[in-house]
Colleague: 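If you scroll down you'll find the structure; I have some questions about it.
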There are 2 protein chains.
Amino acid sequence: MGSGRGRAAATGMLAETTGWLLADVARELIRRMEKALRAEGLRWREYGVLVVLEAAGPLSQQELGRRLAIDRSTMVHVIDVLEDRGLVARGRDRVDRRAYSIELTDLGRTLLADALRPVADAVQEHVIAGLTGEDRAHLNRILAQLVECIDWA
Amino acid sequence: MGSGRGRAAATGMLAETTGWLLADVARELIRRMEKALRAEGLRWREYGVLVVLEAAGPLSQQELGRRLAIDRSTMVHVIDVLEDRGLVARGRDRVDRRAYSIELTDLGRTLLADALRPVADAVQEHVIAGLTGEDRAHLNRILAQLVECIDWA
DNA sequence: TATTGTTATACTCTATAACTATA
DNA sequence: TATAGTTATAGAGTATAACAATA
């Protein structure tokens, strides 16, 4: 990849800078998401559960945890909150009766569509407002490639 | 920005996806940094302080906190750790005697160059290994633009 | 024997408020 | 009056280990 010493040094600095920038932007994005979602009485993670459920259909708590990097013991409390608010329901998995089958309720689906997504989209749009459509596509493609290529071991 | 209903919906999905990807990649990057730096007995944040000091020269604890999004009461403990290990020194600011002037020691500078940077660079390189040089430059430029344009109010 | 959900618990992280010394 | 650093402390978040039910 590099073609000489100067190049390698530049690549090293570039790589490091990229990491800092990435962490900065992600931190600020999540901070704003948390702030915006607070008006709906939800956290970023709880919103994440709803989004994953809508995209993937009913899942066990364990599987939700795997997809969102949340420990299963923590996931219990997250689902408790969402269940108490009537946004998800704990159904039983019929083939494996140890596991729950967490599913979106109608209320959850409605809240997601009418309030949560618009709020989250607005935050996102505000953060990337300065990017051209082309840069947005680039960024999205590159990040998707990173997520794809990383071995999450 | 969008030019029609379908376009707007696509843009919304794109923006949202970008946010999730960003958070995922940043979380995984920091997780690996923490793991790698543990061998040196340091945390990601403490490494951050050293990097900022090397780049900017001596700073007050408050200013370090501003640049790294760390509260001043938390920064006290971070600097304590680094000072105990002899990596930074608390000098007094001569014009404002309330403030410290935190500066890298020779040991800190050496550790940074010989151990910390190589370790961090290796992690970074591993995460972005799948990207072409062109994509790396793109990603870096776009992220830099985001950091620049965001109003951190 | 392994796995899902659960609970209790301990640990870390962080921020808040109050204090001191300087400005 | 405001600010830099400090301290104590309270709160939130998280993970660990054990237990029950099921595989």
Side-chain angles (χ1 to χ4, degrees), chain A residues 23-24 26-28 30-35 37-38 41-49 52-53 56-84 88-103 152, chain B residues 23-24 26-28 30-35 37-38 41-49 52-53 56-84 88-103 152:
Chain A
D24 278 355
R27 189 203 313 121
E28 181 65 12
I30 292 173
R31 195 184 67 80
R32 290 178 185 221
M33 285 290 182
E34 291 277 9
K35 186 178 173 187
L37 289 171
R38 207 170 298 149
L42 285 181
R43 309 292 309 268
W44 162 253
R45 296 211 150 162
E46 294 155 1
Y47 172 64
V49 168
V52 168
L53 286 177
L59 295 173
S60 71
Q61 295 184 183
Q62 189 104 309
E63 181 55 28
L64 277 168
R66 267 191 287 269
R67 300 197 187 201
L68 292 162
I70 300 175
D71 189 84
R72 60 184 180 155
S73 66
T74 303
M75 183 59 73
V76 174
H77 308 302
V78 175
I79 299 300
D80 281 347
V81 169
L82 294 173
E83 192 183 32
D84 286 348
V88 306
R90 280 182 161 105
R92 274 292 172 189
D93 185 320
R94 295 194 179 175
V95 301
D96 184 346
R97 289 188 308 178
R98 292 172 304 181
Y100 283 130
S101 173
I102 309 296
E103 48 195 37
W152 300 81
Chain B
D24 278 356
R27 189 205 312 121
E28 181 65 12
I30 291 173
R31 195 184 67 79
R32 291 178 184 220
M33 284 291 182
E34 290 278 7
K35 186 178 173 188
L37 289 170
R38 205 170 300 149
L42 285 181
R43 308 292 309 268
W44 162 254
R45 295 211 149 163
E46 294 155 1
Y47 172 65
V49 168
V52 168
L53 286 177
L59 295 172
S60 71
Q61 295 184 183
Q62 189 107 306
E63 180 56 28
L64 277 168
R66 265 192 288 271
R67 301 196 186 201
L68 292 162
I70 300 175
D71 188 86
R72 61 184 180 153
S73 66
T74 303
M75 183 59 73
V76 173
H77 307 302
V78 175
I79 300 300
D80 281 348
V81 169
L82 294 173
E83 192 184 31
D84 286 348
V88 306
R90 280 180 161 106
R92 274 294 172 187
D93 185 321
R94 296 195 178 176
V95 300
D96 184 346
R97 289 188 307 178
R98 293 172 302 180
Y100 284 129
S101 174
I102 310 295
E103 47 194 39
W152 299 81

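If you're wondering where the values come from, they're calculated on a predicted model, not measured in any experiment. Here is the naming used below: chain letters follow the sequence lines, and residue numbers restart at 1 for every chain.
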Colleague: Round to the nearest Å and state the distance from Leu68(A) atom CG to dG13(D) atom C1'.
Modeller: 16 Å

Colleague: Can you tell me how far C1' of dG5(C) sits from CG of Asp80(A), to the nearest Å?
Modeller: 11 Å

Colleague: Could you tell me the separation between the CG atom of Asp93(A) and the C1' atom of dA21(D), rounded to a whole number of Å?
Modeller: 14 Å

Colleague: Do the non-hydrogen side-chain atoms of Glu103(B) and Leu53(B) ever get within less than 4.5 Å of each other?
Modeller: no

Colleague: Any side-chain heavy-atom pair from Arg45(A) and Leu68(A) closer than 4.5 angstrom?
Modeller: no

Colleague: In this structure, how many angstroms lie between the P atom of dA15(D) and the CZ atom of Arg31(B), rounded?
Modeller: 11 Å

Colleague: In whole angstroms, how far is the C1' atom of dT3(D) from the CE atom of Met75(B)?
Modeller: 17 Å

Colleague: Considering just the side-chain nitrogens and oxygens of Arg90(A), establish if one lies under 4.0 Å of OP1 or OP2 belonging to dT6(C).
Modeller: yes

Colleague: What is the distance, rounded to the nearest whole Å, between atom CD1 of Ile102(B) and atom C1' of dA4(D)?
Modeller: 11 Å

Colleague: Might you confirm whether atom CZ of Arg94(A) has over 12 heavy atoms from other residues, nucleotides or ligands at distances under 6.0 Å?
Modeller: no

Colleague: Salt-bridge test for Asp80(A) and Arg90(A): reply yes if a basic N is under 4.0 Å from a carboxylate O, no otherwise.
Modeller: yes

Colleague: Produce a footprint string for nucleotides 14-23 of chain C: one letter per nucleotide, 5' end first; B if the base is under 4.0 Å from any protein heavy atom, S if only the sugar-phosphate is, - if neither.
Modeller: SBB-B--BBS

Colleague: Take the protein atom CD of Gln62(A) and the nucleotide atom P of dT22(D), then report the distance between them rounded to whole Å.
Modeller: 17 Å

Colleague: Nearest to the side chain of Arg43(A) - dT6(D), dA12(D), dG5(C)?
Modeller: dA12(D)

Colleague: Could you check whether Arg92(B) gets within reach of a base, just the sugar-phosphate, or nothing at all, counting any heavy atom under 4.0 Å?
Modeller: nothing

Colleague: Does a side-chain N-to-carboxylate-O contact under 4.0 Å join Glu34(A) and Arg38(A)?
Modeller: no

Colleague: How many whole angstroms separate atom CD of Gln61(A) from atom C1' of dA15(D)?
Modeller: 16 Å

Colleague: Between Arg43(A) and Leu37(A), is there a side-chain heavy-atom distance shorter than 4.5 Å?
Modeller: no

Colleague: So among Ile79(B), Val52(B), Asp93(B), which one has a side-chain contact (heavy atoms from CB on, under 4.5 Å) with Ile102(B)?
Modeller: Ile79(B)

